[in-house]
Each structure stands twice: as C-alpha cells, then as structure tokens.
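To start, the structure under review is shown below, and the notes come after it.
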Amino acid sequence: MPKRILKGEVVSNKMQKTIVVAVATLKAHPKYKKRIKTTKRYQAHYEGSVLNLGDIVTIEESRPISKNKNWIVKEIIRKTNVDNLE
C-alpha cells in the first residue's frame, strides 16, 4: 500500500527535530451538503532548522518515530519571507 502524502502549512517549529503542520481539507456536511473547511494538525519529523512559520511543506507517512510522530517532511514547497510576518 502506498504511503499517504499531505500538503500543509507549518504552524509550530519550537521543538527539536519536530514541526507541526496544519492540513486543511474540505468535507461535505452529511445533511446539508455544504462544504466545511476542517483543519488537522500533524507532528512531523524534520532534522534541519530552516523551516519557519507559514512555510508550505509536504509530509509523508512513515513508521512511528515517537508517541505522536508518524510523519516525516518530504519536500519544502514554498518558503515565507520572515521579515513580512512581523
């Protein structure tokens, strides 16, 4: 079975070798069929220290690395300019 690959935004980089990625999906409401945006946060393993808040990355499913960490960073899609965030 192929590994799942998700695309999301870095929302936390305060831990060592771990980042938190928020992945947004659209789901249909079961009764009203309106599309609702839901966000889920995944902890992903990342050895480097170049990722900042707002960066867009892809994460890939992997073996369990710790209690909550089952994903690794596969690719950095877009970097944000740190000067514009403040």
Side-chain angles (χ1 to χ4, degrees):
M1 182 161 57
K3 296 180 179 181
R4 291 187 292 166
I5 296 175
L6 301 175
K7 178 180 168 183
E9 178 182 355
V10 177
V11 293
S12 175
N13 61 354
K14 297 185 185 305
M15 296 174 273
Q16 296 176 359
K17 299 183 182 179
T18 304
I19 62 167
V20 179
V21 179
V23 176
T25 58
L26 290 175
K27 294 185 178 182
H29 188 277
K31 181 175 180 182
Y32 300 113
K33 308 302 182 208
K34 181 177 178 177
R35 294 172 62 129
I36 302 168
K37 182 178 176 182
T38 60
T39 304
K40 186 169 180 183
R41 293 163 53 108
Y42 295 93
Q43 290 187 1
H45 182 74
Y46 184 65
E47 291 281 342
S49 62
V50 296
L51 288 177
N52 294 313
L53 300 180
D55 292 347
I56 305 297
V57 296
T58 58
I59 56 176
E60 181 180 37
E61 194 174 28
S62 71
R63 62 176 179 83
I65 299 168
S66 68
K67 179 181 175 182
N68 297 321
K69 205 164 41 165
N70 297 327
W71 298 83
I72 56 171
V73 175
K74 183 174 183 181
E75 178 184 9
I76 302 170
I77 296 174
R78 182 171 45 111
K79 299 280 292 174
T80 57
N81 191 355
V82 179
D83 299 333
N84 292 339
L85 292 177
E86 299 181 16

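Start at 1 with the first residue, then count along the sequence.
Judged by distance alone, the side chain of Thr80 and the main-chain N or O of Leu53 form a donor-acceptor pair under 3.5 Å.
Between Lys17 atom NZ and Ser66 atom OG the span is 12.0 Å, to the nearest 0.5 Å. Put simply, CZ on Arg41 and CD on Glu9 are 11.0 Å apart, with the number rounded to the nearest 0.5 Å. Glu60 contributes atom CD, which lies 5.0 Å from atom CD1 of Ile72 (distance to the nearest 0.5 angstrom).
Linking ILVMFWY side-chain heavy atoms closer than 4.5 Å, directly or via other members, places Leu6 and Val20 in two distinct hydrophobic clusters. Under a hydrophobic clustering in which Ile, Leu, Val, Met, Phe, Trp and Tyr are joined whenever their side-chain heavy atoms come within less than 4.5 Å, directly or via other members, Ile56 and Tyr42 fall into different clusters. Clustering ILVMFWY residues whenever any of their side-chain heavy atoms sit less than 4.5 angstrom apart, transitively, puts Val50 in the very cluster that holds Trp71.
Of all non-hydrogen atoms in Val11 and Ala22, the two that sit nearest each other are CG1-CB, 3.7 Å. Closest of all the heavy-atom pairs between Ile19 and Val21 is CD1-CG2, 3.7 Å. Heavy-atom minimum distance, Ala44 versus Ile59: CB-CG2, 3.9 Å.
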Going through the distances and angles, do Ile77 and Thr58 end up as a side-chain contact (heavy atoms from CB on, under 4.5 Å)?
-> CA-CA 7 Å; Ile77 296 174; Thr58 58; 3.3 Å; yes
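When the shell of 6.0 Å around NZ of Lys40 is examined, it contains 12 or fewer heavy atoms from other residues, nucleotides or ligands.
A salt bridge (Lys or Arg N to Asp or Glu O under 4.0 Å) with Glu61 holds for exactly one of Lys74, Lys3, Arg4; it is Arg4.
Put simply, the side chain of Leu51 does not reach to within 4.5 Å of the side chain of Asn13, judged on heavy atoms. Proximity of Ile65 to Gln43: side-chain heavy atoms (C-beta onward) are nowhere separated by under 4.5 Å.
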